[in-house]
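Below, chains carry the letters A, B, ... as their sequence lines are ordered, and counting in each starts from 1.
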Protein chains: 2
Amino acid sequence: MDDPGDELLDRAFLALADPARRRIIARLSRGPATVNELAEPFEISKQAVSKHIQVLEQAQLVTRTRDAQRRPVHLDPARLEALTAWIDQYRLVREGQFRSLDAVLKSLAADSGKQSHESAKDPS
Amino acid sequence: MDDPGDELLDRAFLALADPARRRIIARLSRGPATVNELAEPFEISKQAVSKHIQVLEQAQLVTRTRDAQRRPVHLDPARLEALTAWIDQYRLVREGQFRSLDAVLKSLAADSGKQSHESAKDPS
DNA sequence: TTCTTAATCAACCAGTTAGTTGATCAAGAG
DNA sequence: CTCTTGATCAACTAACTGGTTGATTAAGAA
């Protein structure tokens with residue numbers, strides 16, 4: 001009953017449900033950074049930032065390496081893709097309500113012109 | 001300093017960070033449903049499901065209408081798109097680290113001009 | 001009117017999260 | 001060795017989350 005992928009989705013979405021962690025993601029998208037570097041633009045303590053990074057790490061959104069005393073944090077875009085993959089399952093399905101579908105239309109070319117979808121897929 | 005759109009992102013990601021609410025989203029992607037219908041596959045009480053729907057509603061992921069005593073819940077895909085829009089800002093940026101891009105490549109067909117420059121500013 | 005159904009409101013409880021401060025560990029530098 | 005830097009660990013608090021049960025509102029049906 002427990003989909004093992006569920007917990008990872010839980011952690012990932014929860015990790016992004018915090019503006020500080022989203023800012024950390026944004027910063028890491030420009031390259032790896034240490035805890036001190038990440039903590040600098042925030043008013044919160046370094047320990048608090050370290051906890052945020054732990055949350056991101058448990059969600060597998062970032063990884064940490066070693067460099068002498070420093071522990072540089074790297075963004076792992078693969079997990080971000082898992083989130084968009086989940087969302088993309090649903091953001092299109094009710095055709096009466098969508099808006100800008102540009103990117104998705106090509107990946108749904110097989111399903112064009114219909115509004116019924118008998119997908120027996122039951123994720124999360 | 002605080003982006004007002006931030007709070008909506010907070011709520012939306014937090015709303016999705018729960019398997020029950022993701023199942024509700026999945027169910028609603030197949031059409032509107034009442035609270036009782038949504039509560040049926042769960043073991044939790046109807047009140048708990050009602051709370052979940054409130055969370056989704058505050059995140060503007062769903063809307064509620066009125067039909068006699070029933071209050072059918074509808075999925076609002078627009079907000080899901082806002083989430084993918086946020087993620088898409090970052091999921092590709094570090095070219096040296098990506099992994100499986102299969103699904104993404106087609107949606108980036110128009111973006112073919114961008115490629116990597118090897119870590120120009122990063123001491124390793 | 002009374003009865004049933006659909007759903008929310010209110011109060012409460014257990015577990016978790018985000019933040020703090022202070023101590024500790026690990027790796028160089030002197 | 002000692003000292004400094006980078007980062008984590010430990011303990012604690014305040015606030016929030018997810019769930020419960022019981023009462024209440026709202027709309028029809030009898």
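Once rounded to the nearest 0.5 Å, the distance linking CG of L8(B) with CD of Q58(B) reads 10.5 Å. One distance of note links CD of Q60(A) with CZ of R11(A); it measures 9.0 Å at 0.5 Å rounding.
We find that CG of L38(B) is positioned 12 Å from C1' of dA7(C), with the value rounded to whole Å. In this structure, NZ of K46(A) is placed 14 Å from P of dG22(C), rounded to the nearest angstrom. Taking atom CZ on R71(A) and atom C1' on dC9(D), their separation rounds to 13 Å, with Å as the unit. Following rounding to the nearest Å, D67(A) (CG) and dT5(D) (P) show an atom-to-atom distance of 17 Å. We find that NE2 of H52(B) is positioned 16 Å from P of dA7(C), with the value rounded to whole Å. Atom CD of E43(A) and atom P of dG19(C) are 10 Å apart (whole Å). The distance from atom CD of Q69(B) to atom C1' of dA7(C) is 10 Å, rounded to the nearest whole Å. Between L16(B) atom CG and dG18(D) atom C1' the separation is 16 Å, expressed in whole Å.
Along DNA chain C, the nucleotide nearest to A68(A) and the one nearest to A20(A) differ in position, and the one closer to the 5' end is contacted by A20(A).
Of all nucleotides listed (dA18(C), dT20(D), dG19(C)), dA18(C) comes nearest to the side chain of V55(A). Comparing dG19(C), dA7(D), dG19(D) by their nearest atom to the side chain of R70(A) picks out dA7(D). Considering only side-chain atoms of S45(B), the nucleotide from dT21(D), dA11(D), dA11(C) that sits closest is dT21(D).
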Report each atom pair, protein N/O against N/O of nucleotides 15-17 of chain D, whose distance is under 3.5 angstrom.
none

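A donor-acceptor pair under 3.5 Å links the side-chain atoms of R22(A) to the main chain of D6(B), judged by distance alone.
Linking Ile, Leu, Val, Met, Phe, Trp and Tyr residues whenever their side-chain heavy atoms come within less than 4.5 Å leaves V62(B) and V55(B) in two separate clusters. Side-chain heavy atoms closer than 4.5 Å link hydrophobic residues (I, L, V, M, F, W, Y) into clusters, and following such links, even through other members, never connects L14(A) to L83(B).
Applying the side-chain hydrogen bond (donor to acceptor under 3.5 Å, both in side chains) test to pairs two or more places apart or on separate chains, those with a residue in residues 45-56 of chain B are R21(B)-H52(B).
Of all the heavy atoms in S29(B) and Y90(A), the pair that sits closest is OG-CD2, 3.4 Å.
Using a 4.0 Å heavy-atom cutoff across all strands shown, Q47(A) reaches at least one base atom of the nucleic acid.
A sub-4.0 Å separation between OP1 or OP2 of dT5(D) and a side-chain N or O of N36(A) is absent.
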